[in-house]
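Report on the following structure.
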Protein chains: 2
Amino acid sequence: MEAANPLYKNQGIHVIVSIFTVEKGKTKVLLIKRKNEPFKNMWALVGGSLYNNENLDFGLQREIMEKTGLKNIETYFSGIFDDINRSPVMRMLAISYIGIIDNEKVSILKDTFKTSNAEWFPIELVPDLAYDHNNILNSALNSLKSKILTTNILKSLFPNGFTIPEIQKTYESILNEKYDRRNFRRKLLNLDLIYDTKTEIKFEGNKPAKLYKFKD
Amino acid sequence: MEAANPLYKNQGIHVIVSIFTVEKGKTKVLLIKRKNEPFKNMWALVGGSLYNNENLDFGLQREIMEKTGLKNIETYFSGIFDDINRSPVMRMLAISYIGIIDNEKVSILKDTFKTSNAEWFPIELVPDLAYDHNNILNSALNSLKSKILTTNILKSLFPNGFTIPEIQKTYESILNEKYDRRNFRRKLLNLDLIYDTKTEIKFEGNKPAKLYKFKD
DNA sequence: ACAAAAGTGTTGACTTTACACCCATGG
DNA sequence: CCATGGGTGTAAAGTCAACACTTTTGT
């Protein structure tokens, strides 16, 4: 059925995801280079237009797949962007999500039907992006900071588990803070988000560390 | 400009608000009775379809005005409802908000172009609602409960200020809890959301109470 | 002077912070 | 046996929960 009132027509929904990783103490975000108008040849966050037969998560996963080749990325709601003119094509509402993955464990398609490149950018080196994606990314980064303190969002970064000193570095990278080793461990354990796998990981020349995993 | 891909067409956005009040220890929600299809003659939350030339807040305020006569209601984001078939007419995404006002200080239009009635319903006596509005209301109530603990959302209930014992009853009504008077006062003051107006309110036969207001 | 509701302070329990020592490994 | 980084405990400070008495007003 078609909408009668012309004011109801020509509206669409963008689903956008800021996919983060943490590498050597740097928080990075995955950007793709657009092949098509509008904003042809500009860098952009991953995402695109929702189809009218998709719910939000389904459409977002399709867009992630189409533009990066990645499958089953866990995403978390971040915010809504409703500027009337945020797209030059037609009125598009953007619904923004965040995700986080280990960039060394995945391979990203650099060339797809709609993209001509894909790169991880350290967040302080992000260029001018298509649409209002710089804004969206900014707010996504804030969401990331608050989510790692209360949810198991980092699970996707450590699918095989992690040691406490290892994940502490990740927290410190994302939040730009330093924490006391002993108190950090206690606090993280008290959050009841992780459990001891009762296995140990050996490093070169150091005492082996306990391996933990996030609960579901 | 029209979207090319038919999957991009026929999508719309509902802006929906659960407007609450608290009266004699009861949390109530404002419902309107629909005059038109779909869901003709059913009760529903306030809201409707966003126009393509409106941002979310503007569209929401217009809908509130059209269906209740109320102006300038402060609203807070609550959630998104993306079921593909949540509207029988076409694919509609719903963006849900909450608001809270003093029902004794406003007058609600009972008959408008699109509504044939409007009533405050105690939340435990809410009937079957149009669309997925029962779901939306449920989640809105949870948002309300968490927002009163961290934001000044109750400001709109007490535009002229409040005494601590008075607002404590409101907290207790919404959260269904009882609190110690002394600890409640200390906690609320520590949140840094309110300030002492240095005036007092006299009640019949009681010690006068200090008047506080929410900060902006 | 009494009833009704408002205002205030203290103690113990718990949580959070700061901080120092011992342990396991590889070289 | 030494260097590196991992693991743990404790004391002091701060926060939160429980609780009782005093104040102001109208009658």
Side-chain angles (χ1 to χ4, degrees), chain A residues 22-26 145-146 148-151 154 157-158 160-215, chain B residues 22-26 145-146 148-151 154 157-158 160-215:
Chain A
V22 181
E23 188 183 1
K24 299 197 194 88
K26 289 261 174 222
K145 288 180 184 178
S146 70
I148 61 172
L149 296 171
T150 52
T151 74
L154 287 180
L157 238 195
F158 300 102
N160 305 317
F162 53 87
T163 68
I164 304 242
E166 183 183 13
I167 205 169
Q168 180 173 354
K169 291 195 192 91
T170 304
Y171 274 88
E172 291 176 342
S173 301
I174 293 173
L175 297 171
N176 263 310
E177 299 269 354
K178 284 280 173 192
Y179 301 103
D180 177 89
R181 267 165 53 236
R182 294 152 287 192
N183 294 335
F184 178 84
R185 170 185 298 268
R186 190 172 13 231
K187 197 175 215 167
L188 187 58
L189 286 167
N190 280 345
L191 283 181
D192 203 39
L193 293 175
I194 68 174
Y195 67 94
D196 190 342
T197 63
K198 306 287 183 193
T199 51
E200 298 205 324
I201 292 199
K202 291 193 213 301
F203 295 104
E204 301 291 307
N206 303 328
K207 177 172 178 178
K210 291 191 189 174
L211 191 70
Y212 290 83
K213 281 193 175 179
F214 279 101
K215 299 183 183 174
Chain B
V22 180
E23 188 184 1
K24 298 198 195 88
K26 290 260 173 224
K145 287 180 183 179
S146 69
I148 60 172
L149 296 171
T150 51
T151 74
L154 287 180
L157 240 195
F158 299 101
N160 304 318
F162 54 87
T163 69
I164 305 244
E166 182 182 15
I167 204 169
Q168 181 173 353
K169 292 195 190 93
T170 303
Y171 274 87
E172 291 176 340
S173 301
I174 293 173
L175 297 170
N176 262 310
E177 298 270 355
K178 283 280 172 191
Y179 301 103
D180 177 271
R181 270 166 49 235
R182 291 152 288 191
N183 293 337
F184 178 84
R185 171 186 298 268
R186 187 171 17 229
K187 197 174 216 166
L188 187 59
L189 286 168
N190 280 346
L191 283 180
D192 204 39
L193 293 174
I194 66 174
Y195 66 94
D196 189 342
T197 63
K198 307 286 183 193
T199 51
E200 298 205 325
I201 292 198
K202 290 193 214 299
F203 296 103
E204 299 292 307
N206 302 328
K207 179 171 176 177
K210 290 190 191 176
L211 192 71
Y212 290 84
K213 281 192 176 181
F214 279 101
K215 298 181 183 175

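Atoms considered below: every heavy atom in the structure, side chains included; atoms not considered: hydrogens, waters and symmetry mates. Naming convention: chains lettered A, B, ... in sequence-line order (proteins, then strands); numbering from 1 in each chain. Quick caveat: nothing in here was measured; it's all calculated off a predicted structure.
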Smallest separation among heavy atoms of K213(B) and G161(B), with atom names: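 Smallest heavy-atom distance, with atoms named: CG-CA, 3.7 Å.
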Minimum heavy-atom distance between N183(A) and R186(A), given as atom pair plus value: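 So the minimum-distance heavy-atom pair works out to OD1-NH2, 2.9 Å.
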Distance in angstrom units between N206(B) CG and dC2(C) P, rounded: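 Rounding to the nearest Å, CG of N206(B) and P of dC2(C) are 18 Å apart.
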Rounded distance (Å) that lies between atom P of dG27(C) and atom NZ of K207(A):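 From K207(A) NZ to dG27(C) P: 19 Å.
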P165(B) backbone acceptor or donor facing Q168(B) side chain under 3.5 Å: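 The answer is no, because no donor-acceptor pair under 3.5 Å joins these two groups.
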Flag, side chain of E166(B) to backbone of T163(B), donor-acceptor distance under 3.5 Å: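 Between the backbone of T163(B) and the side chain of E166(B) there is a qualifying donor-acceptor contact (under 3.5 Å).
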F162(B) vs T170(B), side-chain contact (heavy atoms from CB on, under 4.5 Å): CA-CA, chis, key distance, verdict: CA-CA 11 Å; F162(B) 54 87; T170(B) 303; over 6 Å; no
Runs of at least three Watson-Crick or G-U pairs with DNA chain D, cut-off 3.5 Å: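 Only these stems qualify: C:1-27 with D:1-27.
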Contact boundaries on DNA chain D for chain B, cut-off under 4.0 Å to non-hydrogen atoms: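 Contacts span dA17(D) to dG26(D), reading 5' to 3'.
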K215(B) atom NZ: more than 12 heavy-atom contacts under 6.0 Å: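 Atom NZ in K215(B) is crowded, with more than 12 foreign heavy atoms closer than 6.0 Å.
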Pairing residues for L193(A) by the side chain to side chain contact (heavy atoms under 4.5 Å, CB included) criterion, not counting sequence neighbours: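 L193(A) satisfies side chain to side chain contact (heavy atoms under 4.5 Å, CB included) with L191(A), F214(A) only.
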Sorted by number, the residues of residues 163-185 of chain B with heavy-atom contact under 4.0 Å to DNA chain D: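 D180(B), R182(B), N183(B), in order of number.
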SB check K178(A) E172(A) (cutoff 4.0 Å):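 Salt bridge: yes.
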Pairs satisfying ring pair (Phe, Tyr, Trp, His ring centres under 6.0 Å), at least one member in residues 170-190 of chain A, at least two apart: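 Only Y171(A)-F184(A) qualify under ring pair (Phe, Tyr, Trp, His ring centres under 6.0 Å).
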Qualifying residues under side-chain hydrogen bond (donor to acceptor under 3.5 Å, both in side chains), relative to T199(B), sequence neighbours excluded: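 Result, side-chain hydrogen bond (donor to acceptor under 3.5 Å, both in side chains) vs T199(B): T197(B).
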